[in-house]
Amino acid sequence: MNHKIEKQIGNNIRLLREQRKFTQDYLAMQMQLNGCDITRSAVAKIEVGQRHLYPDEIILIKEILNVSFEDIFSIN
């Protein structure tokens with residue numbers, strides 16, 4: 001995946017998370033409770049484009065943040 005696109009998607013996730021006043025810890029905990037083995041550090045790396053997202057993680061993030069795939073994948 002293109003690094004610029006990964007950074008944009010990560011930034012989208014960060015903005016969506018912050019709009020809901022969720023911390024990285026809270027997002028990671030909710031993902032863990034739903035069967036995804038992820039840490040706060042991994043969430044931070046996703047948000048800055050330093051870690052790839054897996055399909056199951058994208059689906060969980062979408063559900064936890066209550067957003068659309070378009071919100072996550074919007075590219076400016």
Side-chain angles (χ1 to χ4, degrees):
M1 190 178 232
N2 181 308
H3 185 66
K4 183 178 176 182
I5 293 172
E6 285 184 333
K7 284 184 79 169
Q8 180 65 58
I9 291 169
N11 189 57
N12 292 345
I13 291 169
R14 179 185 60 80
L15 291 172
L16 293 164
R17 176 183 58 75
E18 289 176 345
Q19 287 172 358
R20 282 141 189 83
K21 307 219 184 305
F22 292 171
T23 64
Q24 291 174 342
D25 279 319
Y26 180 81
L27 180 56
M29 178 187 64
Q30 290 301 311
M31 293 177 74
Q32 291 167 5
L33 290 172
N34 284 280
C36 185
D37 186 21
I38 193 166
T39 63
R40 189 223 42 92
S41 176
V43 170
K45 288 179 181 179
I46 288 168
E47 290 183 351
V48 295
Q50 293 180 348
R51 181 184 174 283
H52 298 293
L53 278 161
Y54 295 99
D56 60 331
E57 294 171 340
I58 296 167
I59 292 166
L60 271 177
I61 289 169
K62 175 193 172 293
E63 292 173 359
I64 293 165
L65 297 178
N66 194 28
V67 297
S68 67
F69 288 118
E70 290 81 12
D71 292 331
I72 293 172
F73 291 109
S74 174
I75 305 298
N76 298 331

Mind checking whether V67 and N12 have side chains closer than 4.5 Å, heavy atoms only?
-> no
Name all residues meeting the side-chain contact (heavy atoms from CB on, under 4.5 Å) criterion together with K62; count only those two or more places apart in sequence or in a different chain, and write none if there are none.
-> F69, I72
Sorted by chain and number, sequence neighbours left out, side-chain contact (heavy atoms from CB on, under 4.5 Å) with Q19 holds for L16
Extract all donor-acceptor atom pairs below 3.5 Å that involve side chains of residues 25-32 and protein atoms in other chains or at least two apart in sequence.
from, atom 1, to, atom 2, distance (Å)
Q32, NE2, I38, O, 2.4

Results of salt bridge (charged side-chain N to carboxylate O under 4.0 Å, His left out) for E63 - residues two or more places apart only | none
Are [X] and [Y] joined in one hydrophobic group, where the rule is that I, L, V, M, F, W and Y side chains link up if heavy atoms are under 4.5 Å apart?
X	Y	answer
I13	I5	yes
I59	I61	yes
F73	Y54	no

First locate atom [atom1] of [X], then atom [atom2] of [Y], and finally report the distance between them rounded to the nearest 0.5 Å.
X	Y	atom1	atom2	value
R20	I64	CZ	CD1	12.0 Å
N11	I46	CG	CD1	13.5 Å
T39	Q24	OG1	CD	9.5 Å

For D71, which residues count as a side-chain hydrogen bond (donor to acceptor under 3.5 Å, both in side chains) partner, sequence neighbours excluded?
-> S68
Can you list every salt bridge (Lys or Arg N to Asp or Glu O under 4.0 Å) pair that touches residues 35-56, not counting sequence neighbours?
-> R17-E47, R51-E57
Step by step, work out the side chain to side chain contact (heavy atoms under 4.5 Å, CB included) result for I58 and I9.
-> CA-CA 10 Å; I58 296 167; I9 291 169; over 6 Å; no
